[in-house]
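For reference, the structure discussed in these notes is given below.
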Amino acid sequence: MHLYTKYKIIKTIRSFIGLFIIFSLSFLLNACSSKSDSENLIENKEVVVLDPISYEVKGVDGEVLDNVNAQLNALPQISIQRVSLYKREIRETAKLALRALGYYKPKVYVYTKDEYLDFVAKEQKALGIDENLANTEDDDNKKESKKDIKKKELLDRTVFVYIEKNKPLFVRSFDVQVLGEGANYKTFKRAINNSNIRTYSILNHGNYENLKEQLQKDAYALGFFDAKFDASRILVYQEQNMADIELIFDTGVRYKIGDIVTNETTKELLKPSQSLITLKRGKNFSSKTINDNLSSLSETNYYQSIDITPLLDKKTEDKEVPIKIDLARKKNNLMRVGIGYSTDEQARVLFEWDKPLLNEYGHSMSMGTKLSMVTQEARLMYKIPYRNPNLDYFYINATQTHTDINDTLSDRSHLSFHYVADKEKRWHKDFAMNVEYEDFTQASEKGFGWNLFPSITIARRESTGGVDPRYGYYIGVEGSAATRAISDYSFYRVVLTGKTVLSPTENTRLFLKVQQGAIFGDDSKHLPPSMRFFVGGDNSLRGYGYLQESDRDSKGGLIGGRYMTAGTAELQFPIGIANSRGALFLDAATACNEYTDRELLFGPGIGYRFNSPYGTLRVDLGVAIDKEPKSVKLHFAFGPEF
């Protein structure tokens with residue numbers, strides 16, 4: 001055969017072989033790919049470790065122990081059978097936890113149970129023998145309970161992490177510089193002073209990161225939106241067990257409030273509360289100002305939702321940030337129906353109808369009725385804002401009440417005009433002119449009276465907030481007076497109230513309450529029952545019937561009193577149940593025409609308190625120790641205690 005022809009045949013065969021190999025490889029790759037795709041269709045199932053290890057850290061305590069435990073428990077579950085493969089990872093995790101608290105040269109040993117027992121045996125003079133471990137060895141002569149077997153199984157899967165933390169690193173130099181417009185702001189100085197970082201204190205990376213975060217947070221709250229760290233580093237000198245901290249924080253320029261952005265709906269809704277808005281263009285930005293405006297708008301009860309947002313993406317070159325306000329009004333009519341039971345008033349039904357925003361001037365109206373076994377009441381209140389819908393306003397109150405309790409039968413019609421002034425948000429002042437007509441029977445006494453009289457209420461309340469405040473106080477005085485020149489009675493009536501809550505420990509509360517009432521004037525002993533004083537029930541003497549204690553006439557009927565004195569001391573203490581406390585209390589009170597004729601009545605008792613996000617459930621058992629025969633009363637109540 002010619003050489004050229006032979007060469008062509010060989011070349012052709014090689015080409016076929018090459019194509020065959022390429023085709024075969026492509027087929028295999030496609031097959032593998034198809035298999036992989038099929039496997040991806042199968043739901044990935046979480047691998048469950050049937051014999052996971054637990055950790056017991058030795059050699060450290062306190063914050064160091066807590067941090068090591070937290071880091072180790074964050075590791076994926078490891079089988080006791082494969083723990084030898086993960087010892088290095090466990091060791092490095094523990095070292096990182098120690099380094100975060102300034103211990104850069106620790107020695108960390110990872111042992112299984114048997115390895116740790118051997119280690120303890122060798123080092124018993126320095127460490128002592130762990131008797132609990134020794135006693136868990138197999139004992140053929142001892143019958144083990146299920147609890148003992150489970151405890152032994154857990155011990156067999158325990159990995160012991162023994163740590164020699166050695167000397168920590170100390171902060172040699174702590175240099176923090178605040179530059180820019182905020183250099184002299186007390187907020188940043190306070191953050192630095194509260195960072196717990198001091199010269200010659202142990203290096204703590206957590207405190208360092210928290211300080212950086214707090215500086216950024218404070219800068220944002222004050223409107224330093226361009227704030228940044230020019231330098232932030234920790235220089236470690238392990239040979240000397242020292243570290244230097246350097247922070248250079250540039251606040252930049254403080255932004256001011258720019259345009260107030262609203263849509264047409266919000267613009268209309270803002271009209272009745274425009275006096276509450278303190279966001280003015282050119283004023284320094286502050287998160288506190290934003291929150292104060294949110295709180296003030298919320299207190300009006302006009303709005304279903306309130307959103308005040310700085311538009312940071314629209315900051316201007318003049319260092320101004322626009323503020324967007326979005327409001328949604330509450331429904332025109334809000335209705336509530338309630339059914340309940342009170343140990344004082346027994347079964348009761350409540351219906352309320354509110355119209356929170358009647359017009360662009362911010363007028364509102366509330367109507368309601370309460371029906372119980374002893375009292376039936378209908379009321380209407382109309383509120384008219386003056387300069388501030390929350391702190392400076394007028395309101396009209398009309399009430400019709402029928403009372404049939406104990407020895408009191410009364411029909412009372414009340415109309416009053418009020419002006420409320422609380423501009424400084426400290427002392428709440430309510431000035432009123434009242435018109436009342438009351439037709440009554442009190443024991444054997446019958447009468448009726450028409451009165452036109454002024455009244456004033458001044459009160460102040462401070463607390464740490466919430467439904468379960470740790471500290472707080474309330475001081476209030478109510479005074480009213482009438483003269484026969486324009487009324488059927490001549491009198492002066494005053495009631496003083498003082499309350500406080502203290503916390504001797506984090507989960508205990510001490511409540512103290514004192515109340516003193518007095519009526520003076522020519523007709524002080526003959527006023528309608530609604531103005532006289534009676535005691536007994538939830539608010540004065542638990543253990544005694546509701547308003548069942550006062551002076552009595554010659555036939556034993558209740559006649560009320562010119563004076564009223566009441567006091568309560570209550571200690572609440574933890575009882576080992578979440579959100580619950582027990583209570584011990586002592587009530588004392590009296591209502592009389594002359595103190596020389598009547599002594600204080602005492603009512604000790606015990607109670608239970610359950611604190612929910614909506615209020616406190618109170619169950620009390622009070623004893624009337626000064627009554628013959630002695631009585632015991634059970635009281636239920638729900639709502640804020642202070």
Side-chain angles (χ1 to χ4, degrees), residues 63 66-67 70-71 74 96-97 99-102 104 169-236 243-261 278-295 306-326 465:
E63 184 182 15
D66 293 340
N67 199 44
Q71 297 300 320
L96 286 174
R99 177 172 292 192
L101 298 176
Y104 273 65
L169 268 64
F170 289 88
V171 177
R172 180 175 61 184
S173 172
F174 177 44
D175 183 21
V176 183
Q177 298 180 49
V178 179
L179 308 177
E181 194 175 305
N184 296 319
Y185 276 53
K186 293 181 179 179
T187 301
F188 301 117
K189 294 179 180 178
R190 189 182 307 116
I192 295 169
N193 292 334
N194 294 339
S195 66
N196 292 325
I197 302 176
R198 302 286 185 274
T199 303
Y200 298 112
S201 64
I202 296 176
L203 175 64
N204 187 311
H205 286 264
N207 291 340
Y208 169 76
E209 294 297 333
N210 289 340
L211 173 58
K212 290 175 62 179
E213 183 180 345
Q214 189 63 47
L215 289 173
Q216 287 278 22
K217 184 178 177 181
D218 290 343
Y220 181 92
L222 291 171
F224 293 102
F225 299 120
D226 298 330
K228 65 182 188 304
F229 285 98
D230 290 337
S232 59
R233 57 185 178 177
I234 300 176
L235 302 175
V236 175
D244 295 334
I245 295 177
E246 182 182 5
L247 284 175
I248 300 177
F249 185 60
D250 187 356
T251 66
V253 177
R254 186 175 186 181
Y255 278 74
K256 298 185 181 299
I257 295 173
D259 294 330
I260 306 299
V261 181
T278 60
L279 298 168
K280 307 297 181 183
R281 183 170 185 174
K283 186 177 180 180
N284 284 334
F285 178 90
S286 167
S287 291
K288 183 180 183 302
T289 303
I290 299 288
N291 293 333
D292 287 346
N293 279 263
L294 275 168
S295 178
I306 305 167
D307 187 21
I308 304 178
T309 309
L311 302 177
L312 299 181
D313 57 335
K314 295 184 178 180
K315 295 180 293 186
T316 68
E317 294 181 357
D318 297 331
K319 303 299 180 183
E320 290 186 344
V321 57
I323 306 295
K324 184 179 181 181
I325 303 178
D326 278 325

Drop me the distance from F224's CZ to F188's CZ, to the nearest 0.5 angstrom. 5.0 Å

For a 4.5 angstrom cut-off between non-hydrogen side-chain atoms, does I192 reach F174? yes

Taken in chain and number order and not counting sequence neighbours, the residues that satisfy side chain to side chain contact (heavy atoms under 4.5 Å, CB included) with I248 are Q177, L179, D230, A231, E246

Between L247 and Y208, is any pair of side-chain heavy atoms under 4.5 Å apart? yes

So, using side-chain hydrogen bond (donor to acceptor under 3.5 Å, both in side chains) as the criterion, who are the partners of N293 when residues are at least two apart? T278

In Å, rounded to the nearest 0.5 Å, how long is the span from OG1 of T187 to NZ of K217? 12.5 Å

From I323 atom CD1 to L311 atom CG, the distance as rounded to the nearest 0.5 Å: 7.0 Å

State which residues pass side chain to side chain contact (heavy atoms under 4.5 Å, CB included) with K288; sequence neighbours excluded, sorted by chain then number. S286, D292

Angle between ring planes, F225 versus Y220, binned at 30° and 60°: parallel, tilted or perpendicular? perpendicular

Nearest heavy atoms of L211 and A191, plus distance in Å: CD1-O, 3.6 Å

Return the CG to CG distance between N207 and N194, rounded to the nearest 0.5 Å. 11.5 Å

For D307, the salt bridge (charged side-chain N to carboxylate O under 4.0 Å, His left out) test, sequence neighbours excluded, returns none

So do V171 and S201 actually touch side chain to side chain, heavy atoms under 4.5 Å? yes

Interatomic distance, CG@D175 vs CZ@R233, rounded to 0.5 Å, equals 10.0 Å

Ignoring hydrogens and angles, tell me if any N or O in the side chain of D259 forms a donor-acceptor pair with the backbone of V261 under 3.5 Å. no

Quick one: pull up CZ in F229 and CG in D250 and give me the separation to the nearest 0.5 Å. 11.0 Å

Taking the side chain as everything from C-beta on, heavy atoms only, tell me whether N204 gets closer than 4.5 Å to I197. no

Provide the closest heavy-atom pair for G102 versus I202 in the form atom of the first, atom of the second, distance. CA-CG2, 4.4 Å

Side-chain touch I245/L203, heavy atoms, less than 4.5 angstrom: yes

Could you list all the salt bridge (charged side-chain N to carboxylate O under 4.0 Å, His left out) pairs where at least one residue sits in residues 186-213, not counting sequence neighbours? none

Compare all side-chain heavy atoms of Q71 with those of L96 and state whether any distance is below 4.5 angstrom. no

Kindly give the heavy-atom pair with the smallest separation between F285 and I257, and that separation in Å. CA-CG1, 4.1 Å

Please list all pairs meeting salt bridge (charged side-chain N to carboxylate O under 4.0 Å, His left out) that have one or both residues in residues 312-325, counting only residues at least two apart or in different chains. D226-K315, D226-K319, R281-E320, K324-D326

Side-chain heavy atoms of L279 within contact of I290, under 4.5 Å: yes

List the atom of R254, the atom of L222, and the distance in Å for their closest heavy-atom pair. NE-O, 2.6 Å

Test item: T251 and Y185 side chains (from C-beta on) under 4.5 Å apart, heavy atoms: no

Considering all heavy atoms, the nearest K228-F249 contact: O-CD1, 3.5 Å

